[in-house]
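Letters A, B, ... mirror the listed sequences (proteins, then strands); counts begin at 1. Remember, predicted model here, so these are calculated numbers, not experimental data.
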2 protein chains.
Amino acid sequence: MKATINDVAKHAGVSIKTVSRVMNNEPSVRQSTREKVQATVAELNYQPNLAARNLAGTKSYSIAYVYDNPNAYYVIDMQNGILSACRRQGFELLIHPCDAKKENITEEVIAMVKQSRVAGLVLTPPFSEMPEFVERISELDVKLVRIMSGDLAPDQLSPCIMVNDHDAAVSITEHLIELGHKEIAFIAGDAGHKSTVERLNGYKKALSDHQMAINEDLIIHGEYSFESGVEGAKTLMQGEVKPTAIFSCNDEIAAGALFSARLMGLDIPRELSIAGFENSPFSRQTWPKLTTAHQPNEQIAENAANLLIAQTRNQGEANPVGQYTPQLLVRDSTSSPAGTGT
Amino acid sequence: MKATINDVAKHAGVSIKTVSRVMNNEPSVRQSTREKVQATVAELNYQPNLAARNLAGTKSYSIAYVYDNPNAYYVIDMQNGILSACRRQGFELLIHPCDAKKENITEEVIAMVKQSRVAGLVLTPPFSEMPEFVERISELDVKLVRIMSGDLAPDQLSPCIMVNDHDAAVSITEHLIELGHKEIAFIAGDAGHKSTVERLNGYKKALSDHQMAINEDLIIHGEYSFESGVEGAKTLMQGEVKPTAIFSCNDEIAAGALFSARLMGLDIPRELSIAGFENSPFSRQTWPKLTTAHQPNEQIAENAANLLIAQTRNQGEANPVGQYTPQLLVRDSTSSPAGTGT
DNA sequence: AGCAAAAATGACAGCGCTGTCAACACTGTT
DNA sequence: AACAGTGTTGACAGCGCTGTCATTTTTGCT
């Protein structure tokens, strides 16, 4: 029914061990032998039995995705990306949703690692940005890869995929500046998230670069939610200095801001430009569609998983750092301010 | 480091096989022996090695969740529910996202089943509602459980968890009727989905029961999307007979309808009541929050997974049928029509 | 050609568990 | 007391693969 390593060995006229070597990309196999085996593998459509591999070997062929993110879209994207890498490399994925705020979350994850014997973990915010957690986990016999906001890895504990929110925020802000906006507001997300800090700094940087003053009254400290956008926009538009553009820390906030603006009878984008961040499905479910920054989550995740798998095989550099900068995606919620004739 | 069955056997003073029997709830173990072993298991915190189990036994200890659903919230809920059941029962979950519209999707899933040797599959729409697909898969040596819309299982091929969209739609419609609405519109989702049909029928049933006419002009055939809600509401409000309430086939459509209504300057719910369906996070991210029907997806999924696992162990009835009726959840988007004084 | 070193290959044990089957310990019966 | 019948337990092989180490083949060099 299902081909085993034995079948392949017999068909190819070599020993089981040689087939094993080929399957694991080990050296010390003559090229001609390797090809012969590979041909047989293809012919019989052989796929190694994961259970047997895990049982027999010292290495493990599974990795886990540990997450706590209320954003389902993000999780699904990450999961799909990781899964792609796993399928390609013959790995298994264990998904481990859990609560980052739980008192003994570190112990819980440590227990999971010991129990499941996974070879590595993919960590996304908030876990990837919890120094103590990362440190404790990295003492275990398990590889890590972290996806986080920033431009430089904070330490050498694992490979990191950095998402350059700062530069992307600069792009968005410059887009608004170039459209001719003078009063650009910012609605921030949760203060605890690194992404909030990075995006806010990018916004400030762009203003400074263009000799524009930073007006703290135009900066709202909110959280990553629709309601926060609603409130933020209301506060801003009732303030002394009315912005002609609002840069929201993510699409959900932007959707809220947009909603609020329409309630106030504003014509978007003519009277107020609104930009989001993330390019989540949210940004396409508003009207007009949001200008945002596209973050290729699935690709980031696949990249991260590949890096992780390479680590578990002791391949690749020790602690490579990948970097992604979300790209500006101009849609219909931004334009030149009213009265500038564009 | 990690306790094996051998350690347990030694500590308890019995043979490995006896421990195995206890772990698998097999009969023919004296009560006193069973307790002794269980105590040792607890003491050593022993957990069977899944890889070894899968390798040695004829049974498998993993199930797969096969899905193709663009709704990330739904998928995450299902996944979490299934995962809970798996954790409790010592099973492993394989997640298998794929494209239901792909030409040879059936062959692809069959290949996956053979390859991974999973003991069972959890199927949600659209897979659970594809008769040929289900039939082909059920010929395999794999158990199934289906979650689908309706009140009666369509066949005896597997246990089914039925979600009674019909009755829930009746509840929502009656809620609107009781508020005093006379002209109640309906915006349907994708015609191909059974849930659309069931909800539409529930809507019609409620109207009939209350001696109200069914006006086809008040029924919009759309799809499960925000845009569809926007368009649908626009069409309805420009029609000859203006509804005072709109029942949307899901929350996303309702959000679109709500958005559209606000653009038209309507005061919600005073001038127009809008109800959704699903209680997705969407329904809480609108303003006002949507009246909807709550579908306990996570619970449904856990229930389904438990049923599936019972099947793989040949426990439980042959083809049990579970049923859930989503519950009416009244929030702020519905009220008595203007001029009725409530 | 002859030899040591290096490269390629294979034999074999064993990972932690389950299935099979044999062995043993009790019953209640004649 | 001898027996069958039932309930309980354990010995042992083997699942499909990898790690170790021994063996064979090839290579580079004199």
* Structure fact -> Residues passing the side chain to side chain donor-acceptor pair (under 3.5 Å) test with B:Asp151, sequence neighbours excluded, are none
* Structure fact -> Between CZ of A:Arg30 and C1' of D:dT27 the distance, given in whole Å, is 11 Å
Report, one line per pair, each donor and acceptor closer than 3.5 Å where one atom sits in a side chain of residues 298-308 of chain B; sequence neighbours left out.
from	atom 1	to	atom 2	distance (Å)
B:Glu302	OE2	B:Arg88	NH2	2.5
B:Asn303	OD1	B:Tyr324	OH	3.0
B:Asn306	OD1	B:Gln89	NE2	2.8
B:Asn306	ND2	B:Glu302	O	3.3

What donor-acceptor contacts under 3.5 angstrom involve side-chain atoms of residues 73-83 of chain A, with partners at least two apart or in another chain?
from	atom 1	to	atom 2	distance (Å)
A:Gln79	OE1	B:Gln79	NE2	2.8
A:Gln79	NE2	B:Gln79	OE1	2.8
A:Asn80	ND2	A:Ile76	O	3.4

* Asked: Got a sec, which residues hit side-chain contact (heavy atoms from CB on, under 4.5 Å) with B:Ala64, two or more places apart in sequence or on another chain?
  -> B:Leu94, B:Met112, B:Val118, B:Leu121
* To do: At under 4.0 Å between heavy atoms, which parts of nucleotides 14-20 of chain C does protein reach? Answer with one letter per nucleotide, 5' to 3': B base, S sugar-phosphate only, - none.
  => BBBBBBB
Mind listing the side-chain donor-acceptor pairs of residues 27-34 of chain A below 3.5 Å, one per line with the distance, residues two or more places apart or on another chain?
from	atom 1	to	atom 2	distance (Å)
A:Gln31	NE2	A:Glu35	OE2	2.9
A:Arg34	NH2	A:Glu26	O	2.7

* Asked: Which angle, to the nearest 10 degrees, lies between the helix axes at the two ends of the helix from C:dA1-D:dT30 to C:dT30-D:dA1, each defined by five pairs?
  -> 40°
* **Non-neighbouring partners of B:Ile16 that pass side-chain contact (heavy atoms from CB on, under 4.5 Å), sequence neighbours left out** => B:Ile5, B:Asn6, B:Ala9
* Hey, are B:Asp141 and B:Arg117 close enough for a salt bridge, meaning a charged N less than 4.0 Å from a carboxylate O? -> no
In a table with atom names and distances, give each donor-acceptor pair under 3.5 Å that connects a side chain of residues 122-138 of chain B to protein atoms at least two apart or in another chain.
from	atom 1	to	atom 2	distance (Å)
B:Ser128	OG	B:Thr124	O	3.4
B:Ser128	OG	B:Ile147	O	2.8
B:Glu129	OE1	B:Lys194	N	3.4
B:Glu129	OE2	B:Ser149	N	3.4
B:Arg136	NH1	B:Glu107	OE2	3.2
B:Arg136	NH2	B:Glu107	OE2	3.0
B:Ser138	OG	B:Val134	O	3.1
B:Ser138	OG	B:Glu135	O	2.8

* **Under 4.0 angstrom between B:Thr18 side-chain N/O and D:dT9 OP1 or OP2** => no
